[in-house]
Amino acid sequence: MTAIGRSRALSTGILPRVLRKPLGVVSGVVLLVIVLAVIAAPLIAPADPLAQSLRDVRQGPSAAHLLGTDSLGRDVLSRLLYGGQESLAGVVEAVLAMLVIAVPLGVVAGYLGGIVDRIVLRVVDVLLSIPGTIITLAVLAIFNNSMLVAMISVGVLASGAFIRVFRSVVLGVRQELYIGAARVSGVDEPRIVLRHVLPQLRGVLLVQITLFAAATLGIQTGLAFLAFGPPPPAPTWGGMVAEAASLIQIDPWLLVPTGGIIAVTTLALCLLGDAVRDANQERFTFAGSAARRSPAAARAVERPAAPEPSGRSAAGALLAVRGLRVGFGERGAETVVVDGVDLEVEPGEVVGLVGESGSGKTVTALSLLGLLGANGRIVDGSIRFDGQELVGLSNAKLREVRGAGIAMISQEPMVSLDPSFRVGSQIAEAASAHRRLGRRSARERVDELLRAVRLDPSVARKYPHEISGGMAQRVAIAIALAGEPRLLIADEPTTALDVTVQAEILDLLRGIQQRTGMAIVLVSHDWGVIADLCSRAVVMYAGQVVESAPVRATFAEPRHPYTLALLRSNPHDAVPGEPLPTIGGVVPSPAQWPVGCRFAARCAFATDACRQAPIPMVDVGDGRMSRCIRVDALREAVA
Amino acid sequence: MIRLIVTRLVLSAVLVVIASLAIFVLMSFVPGDPARTILGANATPDLVARLREQLGLDQPLPVQYGEWLAGVLHGDLGQSVLSGDPVAQLIAVRLPVTLSLLLLSTLAISVIGTVVGLGSAVRGGPLGRLLDTVSLVGLALPSYWVAIVLVALFAVAIRVFPATGYQPFVDGPVPWFLSLVLPVAALSLGGITIVAKQMRDSALDVLGRDYIRVLRASGIRERSIVFKHVLRNAALPSLTVLGITVVGALTGAVFVENVFVLPGLGSLVTQATTSHDLPVVLGVGVVFTLVVIVVNLVVDVLYGVLNPKVRVR
């Protein structure tokens, strides 16, 4: 869908959206037919619903009686059409009663807040705890089986739950900026509610009405089933089920049309409600989701020839990634987001993986552990860890590598711990994932690991919500260390933390690395972090590695224009008073990768040759590799 | 935690008063005279007046309510207008039936709902779609209709279970259980699908969380991830839904008891409603309110146990 098409779709209302969904259309039409047929019963019913014919008792469906006849020879279809009038009227009465109470109270509570809100919520609590059936039955007893009063009381009693729903929607709307703007500019409050708040409620209102109508239909027919409706011979849907039930051994067919009409109506209401809900949600979330997937263009990108391994020897490497391609989406039509990545990590080496958002560095890191999720898979390439090929390994075999061979810490420490379990239990679980530990030795191990990340062992008793982000990241590191991994993948380990805490975490990582000699792949977009910890930097752009070199050399003389641009846009080096340097343009999405150099569009050095064909990685001396054919020009410019 | 329970209990007491008061106020709107309704149109005014006095109907409404409430506190729920039996006694005889039905249904809804929901979240694909379909059908079919079909299938056609009636637990657990299988099935179907759907949605949500990836990255077994971490975290939202479902099953019990001719509170209150026997309706109302309060309290306590953020030290 084009951008224009999308924005037009965004501006349309709920109804056209519902009509675009097959289920919405079908259920809407079914409902409309049922309602119209019931209303028009006197006009379209083939027979008098009360006319008995003892010659035609309990007949199955036929041309004369489309749905057969009952035990008194009355036409079932006609009885259903007339009987629906009572049921549907009951539904309308209950829905209206619910709306009259729930909408004003919900809006007032949500919009005004404070004491009004609290009082309304108390009332709701009471309403929710009253057993509605009993009250409804009591009402029936008091008001002499008046279905009207009973259905109104059903609506009133159910309004509690709906007050809550409407209140929370209004609460959300109230906090939106334009409401605040309207208030500040002096629009009077009732007007704001009418013009701005209520329209937002419309979608939710429709959903709730359909769902409540479905529930109410069940109650209404149920009451009629229990003989609280109009007395026989008047037809009612529930009463007809009761009649069918009494004849179940003689004529089971009667259960089908009588239960069927209730089920079909309920189903149509539920499905319509679902369709409205989906349409409603789309209105608010449409923009973001669909953008990423456009597989055709991605497949058109030719795979560059796998480069020869550089001067570095692969034999001694702890981790050797070759030609890694990772795709997302349907099998066979994946959108490739990591495209031919080579990466080597020596034992004990700290390698930085650098790039902007969308360069594929996190996906590369996750694929090392086989943790791409259900939607992603390794399309091609090889990942050898400690001599073992990881690509194509079963989950059970991979599990043995995870934690014990390769471990991971992630960007958001606060959400990387299970909120329901104590910190200590989570560390202990990781520690005993690969070897059996008794209760005592597990506790000792937890203490030891907490001390290793410079936390007090008492932290083990805390829940994740009781500790700070910095502490949580330390705990996450302790969990990662629990299996004594030989390689740690740290995906932006400090991005979510305060600056002072960042330095502490980096210190901690460095200390642990020096003590244990484990290798680290540090994913980051922050050159400061890379310079602080890493010995080698691997720069990624648009799913490819574009430069790989010792960190010191990378800083002094970048050998790829993208590296140069990244270094220049480092905010730490910005001149005060000058605008922050940035790289013009954005990282192209996988769908838009060009055939030639993927950075060419944003590159000051690009020539026509750059755009013609895929650029291979070339050895540019001193154990450095670059995916650039303009290295000489770059060298001159930097010098 | 204890504060939470105490607050809840106080609120519940207020609730019983409000709910019963509501019924009393409604009674004041009654167009006819209960005494006349009972005695019929041919009764002499003298006779009606005497019955009114006997039933306390000659007192002003607040006094009537006060006396009724005082009685409730002493376990006296008044007398059936129809039979003259104490309401408390009528209820006591029938309570075990409804409670058995409710407990077994709660068990079925929570266990089957959880297993199906979790299973379809983890296995996904066809099982998930099947659950979608079944749950829609389960929601659409009225529980009393399902009950009738169950009777037709299992009790009449292949005679596996008794069609109707109740066997007390004291006469042996097997007949008791067999007599409840069909009612419980009819009562639970809707609840199972609701809980299963909620369980699946929240399990899928949990499976997408970062901490699950971290657990996998630490080499934790998938079994432990699903049954310990996913189940525990997905249980919270499902618990709320389970509570609502069980309260809903109370309503369903009224219908199901009637279909299966179970001598429980549901069929009692239906008969009482038909015969305008208000003290009985009111008494059952109090018991149902108490059940709702207990269910909500249990849900609150379990919620606190499962969610460390609620737990107050």
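Naming: A, B, ... by sequence-line order, numbering from 1 per chain.
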If one checks every heavy atom of B:V295 against chain A at 4.5 Å, the contacting part turns out to be neither
Would you mind checking which part of A:S432 comes under 4.5 Å of any heavy atom in chain B, side chain (CB onward), backbone (N, CA, C, O), both or neither? neither
Cut-off 4.5 Å, heavy atoms of chain B, and the answer for A:A214 is neither
Taking only residues at least two apart or on different chains, which pairs with a member in residues 480-490 of chain A satisfy side-chain hydrogen bond (donor to acceptor under 3.5 Å, both in side chains)? A:D386-A:R486
Please look at A:A404 and chain B and tell me whether the side chain, the backbone, both or neither of the residue comes under 4.5 angstrom of a heavy atom of that chain. neither
Go through the atoms of B:I148 and report whether side chain, backbone, both or neither lie under 4.5 Å from a heavy atom of chain A. both
Residue part contacting chain A, namely of B:L215, when any heavy atom lies under 4.5 Å: side chain
What part of A:P419 lies closer than 4.5 angstrom to a heavy atom of chain B: side chain, backbone, both or neither? both
Option that, when pairs with chain B are counted at under 4.5 Å, heavy atom only, ranks first among A:G259, A:G483, A:G238: A:G259
Does any part of the side chain of B:R216, heavy atoms only, come nearer than 4.5 Å to the side chain of B:E222, both counted from C-beta? yes
Classify the side-chain pair B:D210/A:S410 by whether it contains a donor and acceptor separated by less than 3.5 Å. no
For chain B, which of A:G405, A:S416, A:A431 has the most heavy-atom pairs under 4.5 Å? A:S416
Counting heavy atoms not belonging to B:K228, are there more than 12 under 6.0 Å from its NZ? yes
Side chain to side chain contact (heavy atoms under 4.5 Å, CB included) partner of B:V206, the single match among B:V226, B:D201, B:L231, B:N233: B:N233
Check residues 278-287 of chain B and write down every donor-acceptor pair under 3.5 Å in which the side-chain atom is one partner and the other belongs to a residue at least two apart or another chain.
none

Once you round to the nearest 0.5 Å, how far does OG1 of B:T274 lie from CZ of A:F228? 4.0 Å
Toward chain B, the part of A:I406 with a non-hydrogen atom under 4.5 Å: backbone
Relative to chain B, which segment of A:L417 carries a heavy atom at a distance below 4.5 Å: side chain, backbone, both, or neither? backbone
Contact origin within A:I409 toward chain B - heavy atom pairs under 4.5 Å: neither
At a heavy-atom distance under 4.5 Å, which candidate from B:I220, B:V292, B:L141 has the highest pair count against chain A? B:I220
Taking side chain as C-beta onward, heavy atoms only, is A:L137 less than 4.5 Å from A:L223? yes
Do NZ/NE/NH1/NH2 and the carboxylate oxygens of B:D205 and B:R209 come within less than 4.0 Å? yes
